Q: 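Have a look at the structure that comes next, please.
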Amino acid sequence: MNKIAPSSKALVPFVSVDHMMQLVHHIGLETLLIELYQTVEEDFKRWESFDKTPRLASHSEEGVIELMPTSDGDIYGFKYVNGHPKNIKAGLQTVAGFGLLADVATGYPLLLTEMTLLTALRTAATSALATRYLAPKGATTLAMIGNGAQSEFQALALKAICGVKNVRLYDIDQRATQKAYRNLKTSGLNIIACDSAQKAVDGAQIITTCTADKQYATILTDNMIGEGVHINAIGGDCPGKTELHKDILSRANTFVEYPPQTRIEGEIQQMDADYPVTELWKVITGKAKGRENSRQITLFDSVGFAIEDFSALRYVHNKIKNTQFFENLDILADPDDARDLFGMLQRANPSQTH
Ligand code: NAD
């Protein structure tokens, strides 16, 4: 793996929301999702080389603010992200974030970027990774439950990477379903808007739940889940915030990102501490079995892990090289004489006469 060289100047490349949108359109959304999927897969394959820790979460009644750090020894990255389900009512995002990549050798930042869009992209790429390894062969129909900010990205990643052709939408709020329908209708996917979760899962081989509610919700009950289905449970990602009835977990083979974090935050917080899970990276490297037969229910209990953000950050850092999709930020004091920070300040004093 190539080490990313630190910038020779102390200016730090910054990717704004505007630049991120331009970058996505320049590359093409589906191409970007495929490339990001490949980058996440590469990093899952070298999972053991990363520093890993459950994210640092600061909870409040309304939501959570989280820091998600990791390092591969050469590069360090972190994301700042929130999760505030009630924000939508105030016209604000449920999930918003930004992230930073730094050179381990010097500690100097290499990249600062928006990560609200990038989180939607990396979460979609990661769902596609799990789906590619775990879904039944020939799966073409996705039930997408929860049609908020993440949903179109989820659907398009499964189209581009897993061959999904039909998407059955359902949201408790019809306006969200109508919005997703409008956004996806020219995507090449066959979109069906449903008026219940039960109708959405009918005939679907893949079910993705991506709802936001700070409670033990029951988006899916056991009777809704037939044999052979693959589930991506994306929205249950915080203590006290789940989407599946625990009877589904009793029947499913469950795959997770990083067990110490998922046991606190994922669907499996409802289960005993010895509930068996398989780490997704082990399936990807062939160290553990994924789907073993066509009748098995596979569940990706996704909470979002720092390594996925690291992959997204290093992808963006590579992609912006030699482009106009960033600006340089002067956020790091770097005097010519490294020890003369004070002198640098003095020389900047406008009242100083020379
Ligand atoms: P959002 O608020 O934009 O959308 C959530 C949607 O869920 C809303 O449209 C809401 O009406 C719908 N909803 C709520 N309760 C429902 C129910 N009972 N049945 C059907 N629909 C219901 O949020 P978002 O940005 O799309 O994020 C969705 C969830 O995914 C959040 O909980 C967020 O924390 C989580 N998330 C997880 C990851 C991860 O890596 N696992 C990454 C990003 C976001």
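All residue numbers refer to positions in the sequence shown, counting from 1. The structure presented is a predicted model; accordingly, all values stated were derived computationally and were not measured. Order of listing sets the numbers, starting from 1, for every ligand and every atom in it.
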Q: Quick one: look up the protein heavy atom nearest atom 14 (C) of ligand 1 and list residue, atom name and how far away it is.
A: Ala212 O, 3.6 Å

Q: Judged on heavy-atom distance to atom 16 (C) of ligand 1, which of Asn147, Ile172, Thr126, Asn232 sits nearest?
A: Ile172

Q: Output a table of donor-acceptor pairs, distance under 3.5 Å, between side-chain atoms of residues 259-266 and any protein atom two or more places apart or on a different chain; print 'none' if there are none.
A:
{"residue": "Gln261", "atom": "OE1", "partner": "Arg55", "partner atom": "N", "Å": "3.1"}
{"residue": "Gln261", "atom": "NE2", "partner": "Glu265", "partner atom": "OE1", "Å": "3.1"}
{"residue": "Gln261", "atom": "NE2", "partner": "Gly304", "partner atom": "O", "Å": "2.9"}
{"residue": "Thr262", "atom": "OG1", "partner": "Tyr258", "partner atom": "O", "Å": "3.2"}
{"residue": "Arg263", "atom": "NH1", "partner": "Ala273", "partner atom": "O", "Å": "3.1"}
{"residue": "Arg263", "atom": "NH1", "partner": "Tyr275", "partner atom": "O", "Å": "3.0"}
{"residue": "Arg263", "atom": "NH2", "partner": "Tyr275", "partner atom": "O", "Å": "2.8"}
{"residue": "Glu265", "atom": "OE1", "partner": "Arg55", "partner atom": "NE", "Å": "3.0"}
{"residue": "Glu265", "atom": "OE1", "partner": "Arg55", "partner atom": "NH2", "Å": "2.6"}
{"residue": "Glu265", "atom": "OE2", "partner": "Arg55", "partner atom": "NE", "Å": "3.1"}

Q: Identify which of Gln154, Gln150, Lys241 has a heavy atom lying nearest to atom 24 (P) of ligand 1.
A: Gln150

Q: Would you mind running through ligand 1 and noting each atom that sits below 4.0 Å from a heavy atom of Val303?
A: 39 (C), 40 (O), 41 (N)

Q: Any salt bridge linking Asp171 with Lys179? Criterion: basic side-chain nitrogen under 4.0 Å from a carboxylate oxygen.
A: no

Q: Does an N or O from Thr94, backbone or side chain, lie closer than 3.5 Å to an N or O of ligand 1?
A: yes

Q: Measure the distance from atom 18 (N) of ligand 1 to every protein heavy atom, then report the residue, atom name and distance (to 0.1 Å) of the closest one.
A: Ile219 CD1, 3.1 Å

Q: Which atoms of ligand 1 have any heavy atom of Gly304 under 4.0 Å away?
A: 39 (C), 40 (O), 41 (N)

Q: Less than 4.0 Å is my threshold; does some heavy atom of Ser151 fall inside it relative to ligand 1?
A: no

Q: Which ligand 1 atoms, with their elements, are less than 4.0 angstrom from a heavy-atom of Ile88?
A: 2 (O), 3 (O)

Q: Show me which atoms of ligand 1 lie under 4.0 Å from any heavy atom of Asp237.
A: 33 (C), 34 (O), 35 (C), 36 (N), 37 (C)

Q: Can Tyr170 be said to touch ligand 1, with heavy atoms closer than 4.0 Å?
A: yes

Q: Relative to the heavy atoms of Thr123, which atoms of ligand 1 are at a distance of less than 4.0 Å?
A: 38 (C), 39 (C), 40 (O), 42 (C), 43 (C)

Q: Would you say Arg122 contacts ligand 1, with heavy atoms under 4.0 Å as the rule?
A: yes

Q: Would you call Leu299 and Asn232 a side-chain contact if the rule is heavy atoms closer than 4.5 Å?
A: no

Q: Please check if atom CZ in Arg295 has more than 12 non-hydrogen atoms from other residues, nucleotides or ligands closer than 6.0 Å.
A: no

Q: A quick test of your reading: do over 12 heavy atoms of other residues, nucleotides or ligands sit less than 6.0 Å from NZ of Lys246?
A: no

Q: Check Asp171 against ligand 1 and report side chain, backbone, both or neither, counting heavy atoms closer than 4.0 Å.
A: both

Q: What are the atoms of ligand 1, with element, lying closer than 4.0 Å to any heavy atom of Val95?
A: 33 (C), 34 (O), 44 (C)

